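I have placed the structure first, in the form of structure tokens, so that the comments after it can refer back to it.
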Amino acid sequence: MTQMQDALRGNITPEMKLVAESEGIDVQKIVRGLSDGRIIIPKNVEGKTKAVAIGKGLKTKINANVGSSSELEKVKWEVEKAKAAVKYGADTIMDLSTGPDYQNVLNAIMEAVNVPIGTVPIYEAGITASNSKGAVVNMDEDDMFNAITNQAKAGVDFITVHCGITKDLIGKVQDSNRIMGIVSRGGSFLAAWILQNELENPLYKNYDYLLEIASEYDVTLSLGDGLRPGCLHDASDVSQIQELVTLGELVTRARNEGVQVMVEGPGHVPINQIKANIEIQKTVCKEAPFYVLGPLVTDLAPGYDHITSAIGGAIAASAGADFLCYVTPAEHLAIPNIDDVKEGVIASKIAAEAADVAKGVKGAWDREVEMANARKNFDWEKQFELAFDQEKPRKCRERKPISEDDMCTMCGEFCALRLVRNNI
Ligand SMILES: C[C@H]1O[C@@H](n2cnc3c(N)ncnc32)[C@H](O)[C@@H]1O
Ligand SMILES: Cc1ncc(COP(=O)(O)O)c(N)n1
Ligand code: MET
Ligand code: SF4
Ligand SMILES: [Zn+2]
């Protein structure tokens with residue numbers, strides 16, 4: 001049974017109890033949210049991961065992507081990155097491996113971390129077809145559904161499925177004035193397949209079958225945005241919005257079967273369009289949890305896209321996005337290394353906390369007040385302890401050691417806090 005089906009029957013599962021405790025809210029609120037689909041707990045029935053809830057009224061969660069590619073595959077390194085991501089505060093990990101040893105990467109990551117794990121099974125289908133039949137477009141429907149079943153059986157907690165990229169929509173994208181066309185990898189696999197075979201997207205056509213698998217293993221569906229914009233110029237266009245409308249219909253069908261579902265969103269979006277994007281998703285997808293990549297608010301900062309994304313993420317989450325996918329400084333350039341992963345996670349944590357303060361999420365304000373008091377009291381240890389990154393601020397303060405606790409080298413003996421404390 002899925003967490004949603006349990007909630008609808010009024011059963012309180014250990015996972016519901018656990019997340020209620022970690023959010024500091026009443027478990028009945030979790031039960032209600034699961035029942036109407038506004039909250040999800042991605043947790044495979046086969047899995048051993050720690051339950052995390054995503055959705056309305058809860059802390060904004062963050063995901064870190066790792067994984068190999070055809071050009072760079074070191075299983076141990078991917079595991080180290082996943083562990084680093086969790087250490088710095090990632091709530092979930094997605095393994096987006098496409099290297100030849102992708103299966104071992106996934107297994108090793110699932111062994112090494114206990115947060116929910118997500119994958120994109122169409123990658124496995126594409127790689128398998130590329131190896132055995134010469135090209136991604138030679139995959140067949142069985143390859144797609146076998147990959148989904150394999151990963152559900154392996155215990156994956158949530159899967160990205162690009163069900164909304166239909167034959168009709170691909171034609172519209174081709175006729176549109178987009179600069180970047182399709183930037184989603186899974187979206188490009190399916191679009192190429194649809195064009196080559198002149199058939200409808202199997203994940204759309206056989207959605208009921210997909211729901212059966214998802215229901216059996218309680219794999220949460222993350223409805224992928226195959227047509228997300230890949231640059232500011234392409235944001236919020238008809239193709240993107242039409243795909244979203246289709247995803248909204250698929251949300252309802254998933255909920256009718258008790259399948260947990262969230263919706264993926266853009267991408268590259270100018271700041272002034274972010275709020276509208278969230279509001280449209282919330283109405284069209286009936287408040288299904290919204291999982292956004294970034295959004296990146298300018299295209300001019302390669303090397304710094306953790307920052308372009310944190311700016312967009314803070315705005316998106318404060319407007320109602322529930323789940324932020326990190327972006328690292330290596331975005332658009334390379335597979336992230338451990339330092340990139342760390343920076344990506346911290347940037348996302350900053351965006352999530354900024355939004356949680358604005359949303360009034362339980363606990364966020366209290367931590368801000370705690371930090372203010374630690375700062376006022378020159379309690380450096382407490383400040384480092386509360387910090388998202390406990391290493392960088394410590395190193396910074398230790399750059400030039402000083403004997404006094406109640407100042408730093410910024411203002412020295414003319415420390416404002418100290419003068420006020422001593423004289424007012
Ligand atoms: C959808 C998002 O997935 C991320 N992405 C894709 N492949 C990988 C990988 N091997 N490692 C880390 N992130 C990846 C990119 O950041 C992209 O924007
Ligand atoms: C937030 C998020 N994370 C991962 C993916 C999958 O990547 P892709 O669509 O490129 O296959 C996605 N579409 N959205
Ligand atoms: C074209 S680069 C691949 C992913 C891209 N950064 C995106 O926004 O989805
Ligand atoms: S440019 Fe790099 S990140 Fe972008 S789609 Fe191509 S390989 Fe992926
Ligand atoms: Zn991009």
Side-chain angles (χ1 to χ4, degrees), residues 42 54 61-75 77-82 84-85 90 92-99 101-102 105-106 109 117-127 136 158-165 180-192 203 221-231 240 243-244 247 262-269 281 289-296 299 302 305-306 308-309 312-313 316-317 321-338 340-341 343-345 347-348:
I54 299 164
K61 304 301 185 303
I62 66 166
N63 172 76
N65 292 328
V66 296
S68 65
S69 76
S70 61
E71 306 309 305
L72 187 48
E73 182 165 71
K74 290 182 282 181
V75 176
W77 193 53
E78 293 307 328
V79 171
E80 289 315 309
K81 288 194 294 182
T92 64
I93 298 284
M94 283 192 87
D95 174 14
L96 301 179
S97 291
T98 50
D101 213 9
Y102 67 90
V105 178
L106 177 60
I109 290 173
I117 302 287
T119 58
V120 188
I122 198 76
Y123 299 170
E124 175 178 324
I127 304 163
V136 169
F158 60 104
I159 55 172
T160 294
V161 275
H162 302 80
C163 304
I165 178 160
M180 297 281 291
I182 297 177
V183 298
S184 154
R185 189 195 295 154
S188 73
F189 281 22
L190 280 159
L203 302 181
L221 297 185
S222 188
L223 297 176
D225 50 346
L227 297 180
R228 70 171 172 275
C231 59
Q240 184 205 317
E243 183 187 43
L244 188 63
L247 297 183
M262 63 180 147
V263 172
E264 291 180 4
H268 294 244
V269 186
Q281 186 273 350
F290 199 18
Y291 176 28
V292 295
L293 176 68
L296 295 75
D299 291 333
D305 275 328
H306 57 314
T308 65
S309 294
D322 308 279
F323 192 21
L324 302 179
C325 185
Y326 87 164
V327 171
T328 77
E331 183 75 8
H332 306 112
L333 303 167
I335 277 198
N337 65 22
I338 298 212
D340 297 325
V341 166
E343 287 189 52
V345 170
S348 253

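Residues take their numbers from the sequence shown, with the count starting at 1. Since we're looking at a predicted model, the values are computed, not measured. Atoms within each ligand, like the ligands themselves, are counted from 1 in listed order.
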Could you tell me whether a side-chain N or O of [X] sits under 3.5 Å from a main-chain N or O of [Y], the two making a donor and an acceptor?
{"X": "S188", "Y": "R185", "result": "yes"}
{"X": "E331", "Y": "D305", "result": "no"}
{"X": "N65", "Y": "C325", "result": "no"}
{"X": "S97", "Y": "S68", "result": "yes"}
{"X": "K81", "Y": "P336", "result": "yes"}
{"X": "Q240", "Y": "L227", "result": "no"}

Closest non-hydrogen protein atom to [atom], residue and atom name please, with distance?
{"atom": "atom 17 (C) of ligand 1", "value": "E331 OE2, 3.5 Å"}
{"atom": "atom 7 (N) of ligand 1", "value": "R185 NH2, 2.8 Å"}
{"atom": "atom 9 (O) of ligand 2", "value": "S184 OG, 2.7 Å"}
{"atom": "atom 11 (O) of ligand 2", "value": "Y123 OH, 2.5 Å"}
{"atom": "atom 3 (N) of ligand 2", "value": "Y291 OH, 3.8 Å"}
{"atom": "atom 12 (C) of ligand 1", "value": "N65 O, 3.5 Å"}
{"atom": "atom 12 (C) of ligand 2", "value": "E264 OE1, 2.6 Å"}

Would you say the side chain of [Y] lies within less than 4.5 Å of the side chain of [X], judging by non-hydrogen atoms?
{"X": "V292", "Y": "V269", "result": "no"}
{"X": "F158", "Y": "I54", "result": "no"}
{"X": "H162", "Y": "V120", "result": "yes"}

Mind checking whether [X] has an N or O less than 3.5 Å away from an N or O of ligand 1?
{"X": "Y326", "result": "no"}
{"X": "R228", "result": "no"}
{"X": "G67", "result": "yes"}

Is V327 in contact with ligand 1, taking contact as a heavy-atom separation below 4.0 Å?
no

Answer yes or no for S69: is there a heavy-atom contact with ligand 1 below 4.0 Å?
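No, S69 has no heavy atom closer than 4.0 Å to ligand 1.
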
Proximal atoms of ligand 2 relative to [X] (non-hydrogen, under 4.0 Å):
{"X": "D225", "result": "12 (C), 13 (N), 14 (N)"}
{"X": "G186", "result": "8 (P), 11 (O)"}
{"X": "H162", "result": "8 (P), 9 (O), 11 (O)"}

Heavy atoms under 4.0 Å from ligand 4: which residues qualify?
none

With rounding to the nearest 0.5 Å, note down the distance linking OG1 in T160 to CG in L203.
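Answer for the OG1-CG pair, T160 versus L203, is 11.5 Å.
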
Return the CG to OH distance between D340 and Y326, rounded to the nearest 0.5 Å.
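Rounded to the nearest 0.5 Å, the CG-OH separation comes out at 8.0 Å.
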
Shortest heavy-atom approach to atom 5 (N) of ligand 1 - which of V66, L96, V120
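Residue with the shortest heavy-atom distance to the ligand atom: L96.
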
Show your working on side chain to side chain contact (heavy atoms under 4.5 Å, CB included) between I117 and T92 and close with a plain yes or no.
CA-CA 6 Å; I117 302 287; T92 64; over 6 Å; no

Ignoring hydrogens and angles, state whether a donor on the side chain of D95 or T119 is under 3.5 Å from an acceptor on the partner side chain.
no

Using salt bridge (charged side-chain N to carboxylate O under 4.0 Å, His left out) as the criterion, list what pairs up with E264, not counting sequence neighbours.
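E264 satisfies salt bridge (charged side-chain N to carboxylate O under 4.0 Å, His left out) with no residue once adjacent residues are dropped.
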
Per-atom contacts, ligand 1 versus P336 - under 4.0 Å to a heavy atom:
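Those qualifying, in numeric order: 11 (N), 12 (C).
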
